[in-house]
Amino acid sequence: MTTSPLSTLPGVSTALLLLLLILVLKRTAPVWCSVPGTLGVNWGTCASQPLPPHKVVNLLKSNKIPRVKLPDANPDVLRALSGSGISVTLGIPDDLLPTLNSSLKSAEGWVHDNLTRYVPGVKIQYVAVGNDPFLSINGDRFHPFVLGAAINIQAALVRSNLASRVKVVVPCSYDSFQTESGLPSGGRFRLDINETVGRLLTFHSQHQSPLFASLSPFLSYHLGKNISLELVLFKGDAHPLNDSGATYINALDLSYDTLVSALIHAGFPQMEIVISQIGWPTDGAANATLLIAEDFMKGLVKHVGSNTGSPLRPKNPPVETYVQSLLDEDGRSVVLGNFERHWGLFTFDGQAKYDVDLGMGSEKLVNAHDVEYLPAKWCVVNSDKDLSNATTSAIGACSVADCSVLSPGGSCYGISWPGNVSYAFNSYFQQQDQRADSCYFGGLGLITKVDPSVGSCRFSVGLQTSSSTATTTTSITPCLMLAVSCFLVRILSFAIWKISP
Ligand SMILES: *[C@@H]1O[C@H](CO)[C@@H](O)[C@H](O)[C@H]1NC(C)=O
Ligand SMILES: *[C@@H]1O[C@H](CO)[C@@H](O)[C@H](O)[C@H]1NC(C)=O
Ligand SMILES: *[C@@H]1O[C@H](CO)[C@@H](O)[C@H](O)[C@H]1NC(C)=O
Ligand SMILES: *[C@@H]1O[C@H](CO)[C@@H](O)[C@H](O)[C@H]1NC(C)=O
Ligand SMILES: *[C@@H]1O[C@H](CO)[C@@H](O)[C@H](O)[C@H]1NC(C)=O
Ligand SMILES: *[C@@H]1O[C@H](CO)[C@@H](O)[C@H](O)[C@H]1NC(C)=O
Ligand SMILES: *[C@@H]1O[C@H](CO)[C@@H](O)[C@H](O)[C@H]1NC(C)=O
Ligand SMILES: *[C@@H]1O[C@H](CO)[C@@H](O)[C@H](O)[C@H]1NC(C)=O
């Protein structure tokens, strides 16, 4: 029989072993065992060359991000998340709402096809009915269907025995509530959706689900809502804003309490809130810069980490906060502005845009590994040719590819003609996987191996996309095992904390 040297010292040994175990577990603590932080990210897949889902999941893991919100039930994404232990909010696109409202059968179909089959491998915590059904630019296209759809999805979950595990929520847009006085105490839900929201809140409280709402300090500032950059960047101490005895030193609390006031007015003062989207874009608009975004994220992380509430809810900070967003997406709609394609903490290829400690154990943003790029080739305009039609060709390219950085406020706005034509050509060329004929442009295009980037205007090289369709084999670790090991880590951590001086 072999005796460990430690076992010769009973008493000490147990504590020491525990300590060792904790140290080992802490070092290697997987993401599902990380501190119950309340931060998550939105992972959208509206990109022409999305990073392969399994690489994104690795990106989430190396950054110790414990929860994601998805806009839809993309099978590749859900398969990649299986066994990761990452909590998931699964979105239902707005377009599906009319069908889901009118038929319980279709709701059951959706749950069967898009949810049940991934459980328990994927830890689905919420189903978000609609992506942004209350957005005012959508008018009444979606919101009349949202409650009926939510009720049908809830019924479908009950029928699949999943209702105790998965909660149904409906995301409220940043403009679903507002304040006429400009002060939080004046917060009300928008008049045209007031009735729907009232019934929705009743539904939420019946099922004890939180209210998902996006807050947008960026848009408040961008749209000139009389708010200072100091307040927006969590640095309003010098010039606080006062409202009925409460003092506000950051724009997040201003928006949050505007929503709280709207909830109080609607008769649901206790309803818990999840911030479903909050972030700062880095391109495509004035003030959408790396520097401001970095400052904003640092302030946001610190605020969320401090776990303090707002003046109206000092003890009830948001239950969870989802950063908008994980990656840039060149296919997002630019109706609200070109900045829409630049919300990412990371560029489209998973490279960190700036340095921030998300406060979840990874001290800085960690880039995606093993990213597979297309060859180092670019498409530019051939200046030896007659360029009188070049602008027309560029406009054609931009109608398909992403040129959001070329307009005012964008990082390539400053490059002069025909540099901007080259940018447009290259954007199209990369999006088309560098196919030779996609750099033709009536003979004006020229493929080059010299990087045409100038200053902050980056001409990117696209990603290999064949790999994104390849199915990945991820093992489904039984949930029970995960739950038990997390539980043990917590218990042991707690014990150590109790006995340490
Ligand atoms: C939603 O579905 C219900 C039940 O089928 C129907 O009565 C109602 O008219 C639908 N709502 C809208 C806005 O069409
Ligand atoms: C499952 O989700 C996908 C994508 O969101 C959608 O296109 C499809 O219609 C859904 N399936 C059903 C049965 O609704
Ligand atoms: C803008 O805010 C300042 C200070 O918060 C306030 O004094 C001023 O009246 C506001 N202006 C408008 C037009 O609301
Ligand atoms: C708000 O109140 C604080 C302290 O009560 C005061 O120092 C500050 O000047 C006030 N701000 C405004 C805009 O009235
Ligand atoms: C809708 O407006 C009425 C009248 O102002 C108010 O009593 C009710 O609480 C509002 N409902 C919501 C959800 O804000
Ligand atoms: C944004 O940035 C520009 C240029 O730096 C500046 O002039 C402007 O005042 C800023 N604020 C807003 C709200 O656009
Ligand atoms: C420019 O386009 C016009 C109309 O398509 C065409 O007639 C003309 O020949 C083109 N010019 C050049 C230099 O290609
Ligand atoms: C490029 O710049 C020229 C001159 O400023 C402008 O007329 C043209 O519209 C720009 N093209 C694009 C694609 O931005």
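Counting starts at 1 for both ligands and their atoms, in listed order. Predicted model only: the values in this text are computed from it and were never measured.
- Shown here is Tyr413, whose OH atom has no more than 12 heavy atoms of other residues, nucleotides or ligands within 6.0 Å.
- Using a 4.0 angstrom heavy-atom cutoff, Leu406 counts as in contact with ligand 8.
- Salt bridge annotation for Glu230-Lys235: absent, with no cationic side-chain nitrogen under 4.0 angstrom from a carboxylate oxygen.
- When each atom of ligand 7 is checked for a heavy atom of Asp386 under 4.0 Å away, the hits are 13 (C).
- Closest of all the heavy-atom pairs between Gly130 and Leu97 is N-CD2, 3.9 Å.
- Taking the six-membered ring where the residue is Trp, Trp343 and Phe218 present perpendicular rings, their angle passing 60° and hence far from 30°.
- Taken from CG in Leu374 to CD in Gln49, the straight-line distance is 6.0 Å, to the nearest 0.5 Å.
- Ligand-side atoms of ligand 7 in range of Ser388: 13 (C), range being under 4.0 angstrom from any heavy atom.
- Using a 4.0 Å cut-off between charged nitrogen and carboxylate oxygen, Arg341 and Asp283 do not count as a salt-bridge pair.
- By the 3.5 Å distance cut-off applied to N or O atoms, Asn420 is counted among the residues near ligand 8.
- Aromatic ring centroids of Tyr428 and Phe441 lie under 6.0 Å apart.
- If you look at ligand 5, the protein residues with a non-hydrogen atom under 4.0 Å away are Phe189, Asn194, Gly198, His265, Ala266.
- Sorted by first then second residue, the salt bridge (Lys or Arg N to Asp or Glu O under 4.0 Å) pairs that include residues 239-260, not counting sequence neighbours, number zero.
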